2 protein chains.
Amino acid sequence: MKYNQVTIKDIARELGISPSTVSRALKDHPDISPQTKKAVNELAEKLNYQPNIVALSLRQSKTNTLGVIIPELVHFFFSTVISGIEDVAYSAGYNVIITQSNESLQREKTDIKALFNSRVDGMLISVSRETSSFEHIESILAKGVPMVFFDRVYENANSSTVIVDDLSGAKEATQHLIDQGCTRIAHLEGPPNLGITKQRLEGYIQALNDNKMPVQKDLIVSCPLGTIEEGKIAAEQLLKMPNRPDAIFATNDPAAMGAMQAIKEAGLKIPQDIAVVGFSNWFFSSLLEPPLTSVDQPGFEMGQEAAKLLIRQIEFKSKDNEDPAPETKVLKTRLIVRDSSLKKGKPKK
Amino acid sequence: MKYNQVTIKDIARELGISPSTVSRALKDHPDISPQTKKAVNELAEKLNYQPNIVALSLRQSKTNTLGVIIPELVHFFFSTVISGIEDVAYSAGYNVIITQSNESLQREKTDIKALFNSRVDGMLISVSRETSSFEHIESILAKGVPMVFFDRVYENANSSTVIVDDLSGAKEATQHLIDQGCTRIAHLEGPPNLGITKQRLEGYIQALNDNKMPVQKDLIVSCPLGTIEEGKIAAEQLLKMPNRPDAIFATNDPAAMGAMQAIKEAGLKIPQDIAVVGFSNWFFSSLLEPPLTSVDQPGFEMGQEAAKLLIRQIEFKSKDNEDPAPETKVLKTRLIVRDSSLKKGKPKK
DNA sequence: AAACTGACCACAATCGTTTGCGGAGATTCT
DNA sequence: AGAATCTCCGCAAACGATTGTGGTCAGTTT
């Protein structure tokens, strides 16, 4: 847009000097006399000169912008990740462009292309539920664009990633249910393409194994979308079993929420009849009745770490013209115990 | 970042023609022969040429980017507004940069400056809770940057705005409580700087007046932050009154939620003892017990309308070099009646 | 007095793309 | 055949900033 922008040329014309002198004066170059510097700075101040970032970006082949692709903004977890990213990015002098894939692979493809065209300096990506092939990512990666994946990562990539320890988080959650005396623990499994789904399932299984409890196939129900509705349907199915479970560990909070609805509608009590544990600690989870026990993921911290890794990668590359070794940051989860799982009352620890 | 970018020059060199010819060939200019066009397009396809948006932006003094400033991303309402904005912006060929003020005036100032420096073509703004002076906005407005305000608007500005009809939404909510037989209706008031706070209060008052009910000062309690905690404290205060209210209409859902907590902890029943109505229809509201009656704001639509207005303004201005007349779009709210307010059972309508 | 040294600044190229203008060669018209 | 008309393409400037190179003028050195 052609605002009434003040450019370096305007200052130069008004002062009867050349644009290059103005440029150098503004950055305190030793070649410029103190008087000229003073005059330039004062006029720049007076006219409220702001450098044109677009011109700068073109000149330096660097936009100082990070591109972010997330599945959906409305998820509390992803919102907090964004805040973490912005926190680090801003203080390092980077802007952030956020795009949503809406859990669609097609949209993810156009997003990544749009970000590339905008010449972002790097990308932070959490893949969609549908993403099972990765050519669209590989092709951009091949062009040398720095990328960091977070939460829902592209595992085969030779890139840095930030994840939470889903496995041990799930294990801890399941162990907690076992400690509460649950013997038939069901699991609501998530979208099949995602690594986090497998990790959470694995944590559940390990906990059972550690306690010499059998893993029963019919107690594991898939919720490929991970929505409230699916959780409800899955739980209804579980409740119809002749020997119904006495606990449900869900792959995420919405599914757990759906399960709670089904349990209550069946006239059963939480946690007395069936204990429920979720994953991600959504905003609403503490507001449910009973409040939902959940595995908290440090979203803000994840955003911070991912942005830090990416910026380090960008600046390393611009110096040494080489990619730094990829790093993987694993963040700790934290089990937030609330009433939905407390059959025995608060644990002593 | 200096990816392995293919430029128009690369194509020109390889084909032994000039960059200008390549440029024209790519946009099907009549001056270029069919053979040349074919050759250029095929090579561009083969090399996967993507135009450099940064160079384009500089050349045309237009970034095709909209800047957005919202108070907080984690609010369900604002997330949906963003989705509406992206929907319209993308299909019109615009990118979107989102910034959060975190309800801080200071942050809002730096955000608006950063967006200006990025040379966005226009801005979509919802002001922070703290914003009571507007010089930072005026100074950018004076430079000719198109702006559209939404939800929390800058009223004195000579700019387009998109709001919901807070007044009639609040009136409808209050009337609904009156219809349910409530006679002592309290109001939890919101942040004092915001226009929406005043409108909602005014709707509440008008509904009382319409029904010849007295407006009692002590039934109006301020929640300057509009949080769950404040709502709880405010409700506790109301419950201690000798003649306690039989209904609470809150300026937003978190405050209503807090009130519900206080009411339940006091051993009272919702809605039998005290009916509760919120505003904004947050995601969690339908999940509460009882489900919270709330005034739904069409967030997605608001985002769409705001983006449309802004883009129209941008393109009008680039043609006629004149600002179009400011427009104000008022969207209808919709009262979502749930159990938290149903003293009498479902209304017949 | 000639040469040298700084201090200070301007010129011009550059990033990638667009676009007004002009120009060479082929074709058509008179 | 000469002029006019097309067709098709290249030159160069421009967007706003940065930066290597070189130049002018003063003062200093031999």
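Everything numeric in this text was worked out from a predicted model, so none of it was measured. Here is the naming used below: chain letters follow the sequence lines, and residue numbers restart at 1 for every chain. What you see below is based on every heavy atom in this structure, not just the backbone, and it leaves out hydrogens, waters and symmetry mates.
In this structure, the NZ atom of B:Lys27 is 6 Å from the P atom of C:dT19, given to the nearest Å. If you measure from atom NE2 of B:His29 to atom C1' of D:dC9, you get 11 Å, rounded to the nearest angstrom. Atom-to-atom, CG of B:Asp10 to P of C:dT17 comes out at 9 Å; the value is rounded to the nearest Å. A:Arg119 places its CZ atom 9 Å from the C1' atom of C:dG16, with the value rounded to the nearest Å. As rounded to whole Å, 10 Å separates atom P of C:dG16 from atom CZ of B:Arg13. For the pair B:Lys62 NZ and D:dG16 C1', the computed distance is 19 Å after rounding to whole Å. Distance B:Ile8 CD1 to C:dT19 P: 11 Å, rounded to the nearest Å. Atoms CG (A:Leu56) and P (D:dC15) sit 17 Å apart, rounded to a whole Å.
For B:Thr110, the side chain to side chain contact (heavy atoms under 4.5 Å, CB included) partners at least two apart in sequence or on another chain are B:Gln106, B:Arg107. The side chain to side chain contact (heavy atoms under 4.5 Å, CB included) check on B:Ser33 picks up B:Gln35, B:Thr36, with sequence neighbours excluded. Partners of A:Ala25 under the side chain to side chain contact (heavy atoms under 4.5 Å, CB included) rule, at least two apart in sequence or in another chain, are A:Ile32, A:Lys37, A:Val40. With sequence neighbours excluded, the residues forming a side chain to side chain contact (heavy atoms under 4.5 Å, CB included) with B:Ala55 are A:Leu58, B:Asn52, listed by chain and number. Under the side-chain hydrogen bond (donor to acceptor under 3.5 Å, both in side chains) criterion, A:Asp87 pairs with A:Gln304, sequence neighbours left out.
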At under 4.0 Å between heavy atoms, which parts of nucleotides 8-15 of chain C does protein reach? Answer with one letter per nucleotide, 5' to 3': B base, S sugar-phosphate only, - none. BBBBB-BB

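When every heavy atom of A:Ile137 is checked against every heavy atom of A:Glu108, the shortest pair comes out as CD1-OE2, 4.3 Å.
For D:dG16, the OP1/OP2 oxygens have no side-chain nitrogen or oxygen of A:Tyr49 closer than 4.0 Å.
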